[in-house]
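Okay, structure first, notes after.
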2 protein chains.
Amino acid sequence: MTTPRNARTAAPAVGAAEPSAKPVERGIPEATVARLPVYLRALTGLSDTGVDTCSSEELAAAAGVNSAKLRKDLSYLGSYGTRGVGYDVEYLRYQIAREIGVTQDWPVVIVGIGNLGHALANYSGFSSRGFRIVALLDADPRRQGEDVGGLGIRPFEEIERLVEEHHVAIGVIATPAVAAQHVCDRLVAAGVTSILNFAPAVLTVPHGVDVRKVDLSIELQILAYHEQRKALADPGSDAVPDALPSGLAPLAADGVVSR
Amino acid sequence: MTTPRNARTAAPAVGAAEPSAKPVERGIPEATVARLPVYLRALTGLSDTGVDTCSSEELAAAAGVNSAKLRKDLSYLGSYGTRGVGYDVEYLRYQIAREIGVTQDWPVVIVGIGNLGHALANYSGFSSRGFRIVALLDADPRRQGEDVGGLGIRPFEEIERLVEEHHVAIGVIATPAVAAQHVCDRLVAAGVTSILNFAPAVLTVPHGVDVRKVDLSIELQILAYHEQRKALADPGSDAVPDALPSGLAPLAADGVVSR
DNA sequence: AGCTGTGAACGCATTCACAGCC
DNA sequence: GGCTGTGAATGCGTTCACAGCT
């Protein structure tokens, strides 16, 4: 398992009591939603290498999942394959892109242009995958005006103006942890309703705002946990940190393995 | 839970080997493992603000989870709280750090020192959370020798030597996607058994090697999916991307409202 | 004959609710 | 009285296995 779980902060229910008939919630499971971008990328890869039809087995291999899961996931979107044949790569690709909502670009702002913010601002993967960075913001006056990837860094105070001007719904926080909640509040007040948070802080947001968190040292710590167990299971190895932890239980040989 | 837990003493005496206690297979659920670092950080925060005891309710709030889940998670580690009172912050913090395996530093190499690699190399959160970057590697000769955060960038060819010399078990891949599998193979061949992959590629590794993937544009796409649904549920909003689907594929006729 | 799409079975994770201890 | 630790209940996600279509 690889992706963070638990992303949503609030239920999608917008109105309280529903007066008229709603078209019935589609209800794609969250775990499936998290894999759709992976399938999208795999399809793009196949498409680039000239493949125009593929079986669930092939696509699953390219995406790094098993084929039963892939078929189940796709079944939530509709019946886009052909029995006995497989999937049309271009067609399926478009359907998934449409379902995710990246058939057109989402404007995004990045707040906090330190090392990580710089890297994000220069990351070409965003523009090719449905996002367009429209503003970079930083509170430090010394950074303002600096050009990063073709955009100038603006003062944080302009946040409301920029969000409104560009109709921004998605914001990225790459500030130090102490600033994160304040930045978040200002983003939300300005109208942003989805936030990708790189700061190591727990954000509190109002109902209806989504937050996803990416935390680099948490990922490493999860690896460390498994690594420690491997080391304990195999005392011959020397790939162990300098001091050994005291008397932990040895683990069954098969241990934890990801693909 | 069936296995009784031996609460050990608070003394952070790392290295003292326990004689012959052979408990049972621990088997902490993966979902719990992924949250332990979050609890660890929350505890560190509480500790820094002078709190020395907390209830499951308080700690859960600081970590952004509900208290039932927190208590369940902690119960897999042992009985480290006191009924009617709560948890000793320092004690619990040490127990979790020990369980994760970050009571001492893990040496880490980073491969691919582009924008993201730079950011990672400069990220201070690693060193304070159980990791020590011991080498930076890049295949591009123009980058080699450059100093980043006090370390020189080494040629990729030295990977085997560096991994062995520093007993590295964990590697970080921050290269372009095309290079990722090759870098991964070399890392594994050199003895690395845990990999944190930032490249947008599916890595194939032998049994026994763990891979975790962090993909920035996938996180954004997941947000976009939910954002799109909010926009559809609330047509009054104007936080919708600029254009409409651009005939990328035929037969988009059924539109967005169906099913 | 081959491959998709899906109900049913299974297993894991979360939540509930309360027994057990301070 | 208050809070932890945990079986039991519930809910979700994955896997199985095969019906249904080409």
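All figures in this text were calculated on a predicted structure; none of them were measured in a lab. Just so it is clear: chains get the letters A, B, ... in the order the sequence lines come, proteins before strands, and each one is counted from 1.
Residues B:T103 and B:Y94 meet the side-chain proximity criterion, which asks for heavy atoms closer than 4.5 Å. Considering only heavy atoms from C-beta on, A:F126 comes within 4.5 Å of B:L216 through its side chain.
Although no hydrogens or angles enter the test, the distance criterion places no donor-acceptor pair under 3.5 Å between the side chain of A:K213 and the main chain of A:L196. Side-chain atoms of B:Q221 never come within 3.5 Å of backbone atoms of A:V102 as a donor-acceptor pair (strictly under, hydrogens ignored). The backbone N or O of A:L70 sits nowhere less than 3.5 Å from a side-chain atom of A:N66 that would complete a donor-acceptor pair. A donor-acceptor pair is defined here as one N or O able to donate and one able to accept, closer than 3.5 Å; no such pair exists between the side chain of B:T82 and the backbone of B:V85. In this structure, the side chain of B:Q104 engages the main chain of B:G101 through a donor-acceptor pair within 3.5 Å. A side-chain donor-acceptor contact under 3.5 Å links A:Q228 to the backbone of B:E99.
At whole-Å resolution of the value, CG in B:L70 and P in C:dA13 are 17 Å apart. One can place CG of B:D88 at 15 Å from C1' of D:dC3, the figure rounded to the nearest angstrom. Rounded to an integer number of Å, the gap from A:Y91 OH to C:dT4 C1' is 14 Å. Atom CG of B:L92 is separated from atom P of D:dT4 by 11 Å (rounded to the nearest Å). Rounded to whole angstrom, the span from the CZ atom of A:R35 across to the P atom of D:dG13 amounts to 9 Å.
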*Nucleotide-resolved protein contact map, nucleotides 6-12 of chain C, B/S/- at heavy-atom distance under 4.0 Å*: BBB----
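The nucleotide whose nearest atom lies closest to any side-chain atom of A:T82 is, among C:dG5, D:dT22, D:dT15, D:dT22. Side-chain atoms of A:K69 lie closest to D:dT14 of the nucleotides D:dT14, C:dC22, C:dT14.
At a non-hydrogen distance threshold of 4.0 Å, A:S55, A:S56 from residues 48-59 of chain A come into contact with DNA chain C.
No hydrogens or angles considered: a donor-acceptor pair under 3.5 Å links the side chains of A:S56 and A:R71.
Distances shown here put a side-chain N or O of B:N66 below 4.0 Å from the OP1 or OP2 atom of C:dT15.
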